[in-house]
**Student:** 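I have a structure I would like to understand better, so I am pasting it below and will then ask my questions one at a time.
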Amino acid sequence: LVFATLLAGCSSGSKPAPAPKSESKPSAPAAKTAGAPEKPATPEKPAGGTRRIIILTNGNSPFWDACRAGMIDAEKELGLKAAGYQAVLEVNDNTIPGQLEKLRQFGSQSDIAAVGVSALHSDNVAVADEMRNLIKKGIKVVTIDSDVNKSLHDTRLAYLGSNNIAAGKALGLCLKTLLPDGGGYVTFVGE
């Protein structure tokens, strides 16, 4: 989802607007093979060589190992390399200064097309400012896994992640079903 969203953002505005149609019949929808998953549109190849789509983690939790594996799969499935894009996972050191430094580096590099940021702290104004700077430079920004506060939503195109309150309620219902008479359990979070 992260890559499909970022690719949609990267390819938006890169095609000329379609010419107005004169009285023509609407075209029939393309035939779809039953049961075949719909393949996302491949973006146009960027001018000037390969551009990077970066996911910036909030730390080095094992969660990000699974994310890296999914990123590699998505890079292949979406044909990113053929389209001139490279997917990169940048691991933060679990600090705000580390996240700030990486965002500043991205802003100084001309080959960055998009950045997905897992906000370390949702209300950090300095990180939000760096995300705004990326947007001003034409870099698409989304938050993933951890969002910024509602007042900072102008710093990203979208948030891709779970609603932790809804997920917690669903987990509680599952736990009640699995342990109707009670019992022990353990929860884990990356930070």
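Every heavy atom of this structure was used, including side-chain atoms; hydrogens, water molecules and symmetry mates were not.
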**Student:** When rounded to the nearest 0.5 angstrom, what is the spacing between NZ in K137 and OG in S108?
**Tutor:**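 Interatomic distance, K137 NZ to S108 OG, rounded to 0.5 Å: 7.0 Å.
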**Student:** If you take all heavy atoms of I139 and F106, which pair is closest and at what distance?
**Tutor:**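 Scanning both residues, the minimum pair turns out to be CD1-O, 4.0 Å.
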**Student:** State, yes or no, whether a side-chain contact exists between F63 and D145 at a heavy-atom distance under 4.5 Å.
**Tutor:**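 They are in side-chain contact.
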**Student:** State, with a plain yes or no, whether a side-chain heavy atom of I96 is found less than 4.5 Å away from one of H121.
**Tutor:**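 They are in side-chain contact.
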**Student:** Distance from L80 atom CG to I53 atom CD1, nearest 0.5 Å?
**Tutor:**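 Answer for the CG-CD1 pair, L80 versus I53, is 5.0 Å.
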**Student:** Could you tell me which residues satisfy salt bridge (charged side-chain N to carboxylate O under 4.0 Å, His left out) with D129, sequence neighbours excluded, listed by chain and number?
**Tutor:**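 Testing D129 for salt bridge (charged side-chain N to carboxylate O under 4.0 Å, His left out), a comparison that skips the adjacent residues, returns R132.
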**Student:** Write down the atom of T57, the atom of L89, and the distance for their closest heavy-atom approach.
**Tutor:**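 Taking T57 first and L89 second, the nearest heavy atoms are CG2-CD1, 3.7 Å.
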**Student:** Is atom CD1 of I165 surrounded by more than 12 heavy atoms (other residues, nucleotides or ligands) closer than 6.0 Å?
**Tutor:**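 No, CD1 of I165 has 12 or fewer neighbouring heavy atoms, counting only those of other groups under 6.0 Å.
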**Student:** Decide yes or no for D93 and N60: does some side-chain heavy atom of the first lie under 4.5 Å from some side-chain heavy atom of the second?
**Tutor:**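 Result no, sub-4.5 Å side-chain heavy-atom pair not found.
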**Student:** Counting distance only, does the side-chain N/O of N92 pair as donor-acceptor with the main-chain N or O of T95 below 3.5 Å?
**Tutor:**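 Flag set: sc N92 to bb T95 pair under 3.5 Å.
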**Student:** Nearest 0.5 Å, please: how far is CD1 in I54 from CD1 in I112?
**Tutor:**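 Taking CD1 in I112 and CD1 in I54, the distance rounds to 3.5 Å.
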**Student:** Are more than 12 heavy atoms, taken from residues, nucleotides or ligands other than N163, located less than 6.0 Å from that residue's CG atom?
**Tutor:**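 Yes, because the 6.0 Å sphere around CG of N163 holds more than 12 heavy atoms from other groups.
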**Student:** Can you see which heavy atom on T155 is nearest to which on I135, and at what distance?
**Tutor:**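 So the two residues come closest at O-CD1, 3.1 Å.
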**Student:** Are V117 and R156 packed together at the side-chain level, in the sense that at least one heavy-atom pair is separated by less than 4.5 angstrom?
**Tutor:**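 No; the side chains remain at least 4.5 Å from each other.
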**Student:** Do L100 and V141 belong to the same hydrophobic cluster, where Ile, Leu, Val, Met, Phe, Trp and Tyr are linked whenever their side-chain heavy atoms lie under 4.5 Å apart, directly or via other members?
**Tutor:**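 Yes; tracing contacts between hydrophobic side chains, which count when under 4.5 Å, links both residues.
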**Student:** To check you understand the geometry: which heavy-atom pair defines the closest contact between A113 and R51, and what is its length?
**Tutor:**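 Heavy atoms only, the tightest pair is CA-NH2, 3.4 Å.
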**Student:** Could you check whether any side-chain heavy atom of I55 comes within less than 4.5 Å of a side-chain heavy atom of R68, counting everything from C-beta outward?
**Tutor:**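 Contact flag for I55/R68 side chains = no.
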**Student:** Name all pairs fulfilling the salt bridge (charged side-chain N to carboxylate O under 4.0 Å, His left out) condition that reach into residues 96-113, sequence neighbours left out, sorted by first residue then second.
**Tutor:**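 Salt bridge (charged side-chain N to carboxylate O under 4.0 Å, His left out) check on residues 96-113 returns R52-D111, E90-K102, R104-E130.
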**Student:** If we count only N and O atoms by modelled type, under 3.5 Å, do the side chains of S151 and N149 hold a donor and an acceptor together?
**Tutor:**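 On atom types as modelled, these side chains do not qualify, holding no pair under 3.5 Å.
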**Student:** Could you measure the distance from the NZ atom of K76 to the NZ atom of K81? Nearest 0.5 Å is fine.
**Tutor:**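 Rounded to the nearest 0.5 Å, the NZ-NZ separation comes to 8.0 Å.
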**Student:** Can you give me the closest heavy-atom contact between A119 and V148, atom names plus distance?
**Tutor:**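 Distance-wise, the nearest heavy atoms are CB-CG1, 4.1 Å.
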**Student:** Given side chains that start at C-beta, do those of M131 and T143 come closer than 4.5 Å, heavy atoms only?
**Tutor:**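 Yes, close enough: below the 4.5 Å cut-off.
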**Student:** Atom OH in Y159, atom NE2 in H153: separation rounded to 0.5 Å?
**Tutor:**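 NE2 of H153 is found 9.5 Å from OH of Y159.
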**Student:** Grab the two heavy atoms, one from L179 and one from G184, that are nearest each other, plus how far apart they are.
**Tutor:**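 Minimum heavy-atom contact is CD1-O, 3.7 Å.
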